[in-house]
> 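Attaching a single structure in structure tokens format; questions to follow.
What's counted below: heavy atoms across the whole structure, side chains too, no hydrogens, waters or symmetry copies.
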Number of protein chains: 2
Amino acid sequence: MPKTIDTAARREEIAEALWAVARDRGVSAVSVRSVAEEAGVAVGSLRHVFPTRAELIQFSAELMTRRVEERIKAEASRPGDEPAESALRVLRHLLPLTEESRAEMEVNLALFAEAPANPGIRTVRDAAYRDLREVCRLVVRRVRGCTSAAFGDGPGEDEPEARRLHALLDGLALHLLADDGERADAEVLRVLRAEIEALAD
Amino acid sequence: MPKTIDTAARREEIAEALWAVARDRGVSAVSVRSVAEEAGVAVGSLRHVFPTRAELIQFSAELMTRRVEERIKAEASRPGDEPAESALRVLRHLLPLTEESRAEMEVNLALFAEAPANPGIRTVRDAAYRDLREVCRLVVRRVRGCTSAAFGDGPGEDEPEARRLHALLDGLALHLLADDGERADAEVLRVLRAEIEALAD
DNA sequence: AGTGTTGTGACACAGTTGTGCTAGAAAAGT
DNA sequence: ACTTTTCTAGCACAACTGTGTCACAACACT
């Protein structure tokens with residue numbers, strides 16, 4: 001048997017190269033060639049792992065949401081101190097507050113925007129949407145003391161609050177992209193903190 | 001003097017063609033040629049009015065925000081009945097609830113996402129951001145009874161509430177793009193109504 | 001009717017795009 | 001050492017991109 005590379009790892013490297021291209025030169029600059037160059041591989045090698053452009057794009061989008069999800073899950077499963085504080089710590093990870101997560105968010109938005117035209121992206125987006133809503137549900141229940149329906153993951157009676165938190169979160173994230181600077185960061189965090197405190201009644 | 005066409009009108013027609021292309025085939029399908037064909041004019045004619053692609057894109061973005069702004073202004077200047085009801089009526093116009101405004105929002109988002117790479121779009125986006133924030137400020141003051149600082153348009157003490165309303169609004173709009181259907185529409189409106197009522201204390 | 005400006009449409013050109021194809025390099029098995 | 005399969009790297013092609021150029025049609029004026 002011949003030489004074998006770690007296909008999964010290679011795919012992730014290339015996906016990260018795609019993010020870099022999208023971040024630095026805009027989504028419209030994402031092409032098989034530009035991504036391959038950024039990743040430091042030949043186009044042929046890239047196409048060995050992603051036979052077609054659509055697969056490349058879709059995988060990159062999937063990986064992005066998966067990374068965010070892992071980050072959230074890791075933070076959420078930490079030993080819970082005060083619920084409100086813990087909630088804020090979790091939700092912070094969904095805001096573009098660092099240079100890295102800012103770039104991430106920009107790519108995320110760009111892919112999101114491309115969804116109407118790309119069915120593959122669309123399913124990724126929809127899954128991410130549902131997952132984030134679920135995170136919001138959990139946070140809402142946790143903050144509200146909430147022994148209610150302890151593990152019914154379905155859309156319980158906290159649904160309006162979850163929807164609201166979800167929307168607020170995405171809205172704040174969006175605004176941090178347009179309105180950068182430390183002042184905006186601080187104000188956004190204040191709004192988020194207030195929302196969580198209001199949730200606890 | 002030779003034949004003269006209504007340049008302004010022609011530009012708007014072409015911009016609308018751009019929206020249609022972006023909506024139906026995605027932003028990546030927007031090219032001088034595709035837009036010209038959609039508008040039913042020759043590339044040369046298009047380029048007579050938009051010498052370069054960048055100008056075409058930028059104008060289309062500007063026109064979009066201008067249209068929304070006009071719609072809002074028209075609604076806001078209607079004789080004010082109950083403040084809360086009036087506020088809801090105004091803010092509805094910022095949500096993609098109709099097929100038309102949904103397409104509008106999709107294009108808006110796509111252009112928004114392209115901003116990091118395109119300085120021209122960026123200034124349009126920033127202006128739209130500021131304007132919408134101002135609308136939110138006015139709504140907040142109006143709903144809160146609010147004789148306070150009657151015409152200070154600066155960021156008064158209601159700033160956190162305005163920022164929050166603004167974020168919530170954009171978040172809800174974003175979600176309506178991913179989560180269509182009448183149920184989502186109704187729930188989003190409920191969340192918005194609740195926010196306005198909470199604002200009035 | 002003539003004239004000069006404005007709008008139109010076509011062509012060309014250099015660059016980029018995605019993808020098909022193929023020849024060779026690399027390495028794990030015998 | 002040989003074979004076999006994976007991987008790499010490049011070429012080629014047709015389609016598309018933005019833009020420069022230019023001849024011509026259309027029309028408002030004198």
Side-chain angles (χ1 to χ4, degrees), chain A residues 1-61 107 110-111 113-114 117-121, chain B residues 1-22 24-61 110-111 113-114 117-121:
Chain A
M1 310 265 163
K3 125 167 130 181
T4 38
I5 62 167
D6 187 342
T7 310
R10 167 61 63 89
R11 281 164 73 103
E12 300 204 354
E13 280 173 35
I14 295 180
E16 283 166 20
L18 185 148
W19 301 344
V21 171
R23 188 192 60 212
D24 298 342
R25 288 182 277 159
V27 232
S28 54
V30 168
S31 73
V32 193
R33 286 177 169 86
S34 63
V35 172
E37 193 189 15
E38 175 79 31
V41 301
V43 181
S45 304
L46 187 153
R47 296 203 346 115
H48 184 75
V49 182
F50 294 115
T52 181
R53 176 195 148 97
E55 296 179 48
L56 165 65
I57 307 252
Q58 176 158 357
F59 178 85
S60 302
V107 175
L111 293 173
E114 200 67 5
N118 187 331
I121 300 277
Chain B
M1 312 268 160
K3 122 170 133 180
T4 38
I5 61 167
D6 187 342
T7 310
R10 167 61 63 89
R11 281 163 73 101
E12 300 204 353
E13 280 174 36
I14 295 181
E16 283 165 20
L18 185 147
W19 301 345
V21 172
D24 297 343
R25 288 182 277 159
V27 232
S28 55
V30 168
S31 74
V32 190
R33 286 177 170 86
S34 63
V35 172
E37 193 188 15
E38 175 79 31
V41 300
V43 182
S45 304
L46 186 152
R47 299 207 338 120
H48 184 74
V49 183
F50 294 115
T52 182
R53 176 195 147 98
E55 296 179 48
L56 165 65
I57 307 252
Q58 176 159 355
F59 178 85
S60 302
L111 292 172
E114 200 68 5
N118 187 330
I121 300 277

> Closest-nucleotide mapping onto DNA chain C: is Gly44(A) or Ser34(A) further toward the 5' terminus? I mean the 5' end.
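Nearest-nucleotide comparison on DNA chain C picks Ser34(A).
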
> Could you list all the ring-ring contact (aromatic ring centres under 6.0 Å, His included) pairs where at least one residue sits in residues 14-35 of chain A, not counting sequence neighbours?
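Not a single pair qualifies under ring-ring contact (aromatic ring centres under 6.0 Å, His included).
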
> State, yes or no, whether a side-chain contact exists between Arg10(B) and Asp6(B) at a heavy-atom distance under 4.5 Å.
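Side chain of Arg10(B) against side chain of Asp6(B), heavy atoms only: no contact under 4.5 Å found.
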
> In whole Å, what is the span from the CG atom of Leu46(A) to the C1' atom of dG10(D)?
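Distance, rounded to whole Å: 15 Å.
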
> With the criterion being N/O to N/O and under 3.5 Å, what pairs connect the protein with nucleotides 18-20 of chain D, and how long is each?
{"unit_1": "dG18(D)", "atom_1": "OP1", "unit_2": "Val32(B)", "atom_2": "N", "d": "3.3"}
{"unit_1": "dG18(D)", "atom_1": "OP1", "unit_2": "Arg53(B)", "atom_2": "NH1", "d": "2.9"}
{"unit_1": "dG18(D)", "atom_1": "OP2", "unit_2": "Val32(B)", "atom_2": "N", "d": "3.0"}
{"unit_1": "dG18(D)", "atom_1": "N7", "unit_2": "Arg33(B)", "atom_2": "NH1", "d": "2.7"}
{"unit_1": "dG18(D)", "atom_1": "O6", "unit_2": "Arg33(B)", "atom_2": "NH2", "d": "3.1"}
{"unit_1": "dT19(D)", "atom_1": "OP1", "unit_2": "Thr52(B)", "atom_2": "OG1", "d": "2.8"}
{"unit_1": "dT19(D)", "atom_1": "OP2", "unit_2": "Thr52(B)", "atom_2": "OG1", "d": "3.2"}
{"unit_1": "dT19(D)", "atom_1": "OP2", "unit_2": "Arg53(B)", "atom_2": "N", "d": "2.7"}
{"unit_1": "dG20(D)", "atom_1": "N7", "unit_2": "Arg47(B)", "atom_2": "NH2", "d": "2.9"}

> Report all side-chain donor-acceptor pairs from residues 25-51 of chain B shorter than 3.5 Å, counting only partners two or more places apart or in another chain.
{"unit_1": "Ser28(B)", "atom_1": "OG", "unit_2": "Glu114(A)", "atom_2": "OE2", "d": "2.8"}
{"unit_1": "Ser31(B)", "atom_1": "OG", "unit_2": "Arg33(B)", "atom_2": "N", "d": "3.4"}
{"unit_1": "Ser31(B)", "atom_1": "OG", "unit_2": "Ser34(B)", "atom_2": "N", "d": "3.1"}
{"unit_1": "Ser31(B)", "atom_1": "OG", "unit_2": "Ser34(B)", "atom_2": "OG", "d": "3.2"}
{"unit_1": "Ser34(B)", "atom_1": "OG", "unit_2": "Ala29(B)", "atom_2": "O", "d": "2.8"}
{"unit_1": "Ser34(B)", "atom_1": "OG", "unit_2": "Ser31(B)", "atom_2": "N", "d": "2.9"}
{"unit_1": "Ser34(B)", "atom_1": "OG", "unit_2": "Ser31(B)", "atom_2": "O", "d": "3.1"}
{"unit_1": "Arg47(B)", "atom_1": "NH1", "unit_2": "Pro51(B)", "atom_2": "O", "d": "3.0"}

> Is the distance from OP1 or OP2 of dG7(C) to the nearest side-chain N or O of His48(B) less than 4.0 Å?
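Answer yes for this pair, as a side-chain N or O of His48(B) is under 4.0 Å from OP1 or OP2.
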
> Hey, can you pull the residues of residues 4-27 of chain A with a non-hydrogen atom under 4.0 angstrom from DNA chain C?
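Within this stretch, nothing sits under 4.0 Å of the strand.
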
> Measure from CD on Glu37(A) to C1' on dG10(D) and round the result to the nearest Å.
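Glu37(A) atom CD is separated from dG10(D) atom C1' by 15 Å.
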
> What distance separates Arg53(A) CZ from Asn118(A) CG, expressed to the nearest 0.5 Å?
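If we round to the nearest 0.5 Å, Arg53(A):CZ and Asn118(A):CG are 8.5 Å apart.
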
> Under the side chain to side chain contact (heavy atoms under 4.5 Å, CB included) rule, collect the residues that match up with Glu12(B), sequence neighbours excluded.
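Scan of Glu12(B) (side chain to side chain contact (heavy atoms under 4.5 Å, CB included), adjacent residues dropped) gives Phe59(B), Leu63(B), Arg66(B), Arg67(B).
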
> As an exercise, state the distance from CZ of Arg11(A) to CD1 of Ile14(A), rounded to the nearest 0.5 Å.
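Atom-to-atom, Arg11(A):CZ and Ile14(A):CD1 are 9.0 Å apart.
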
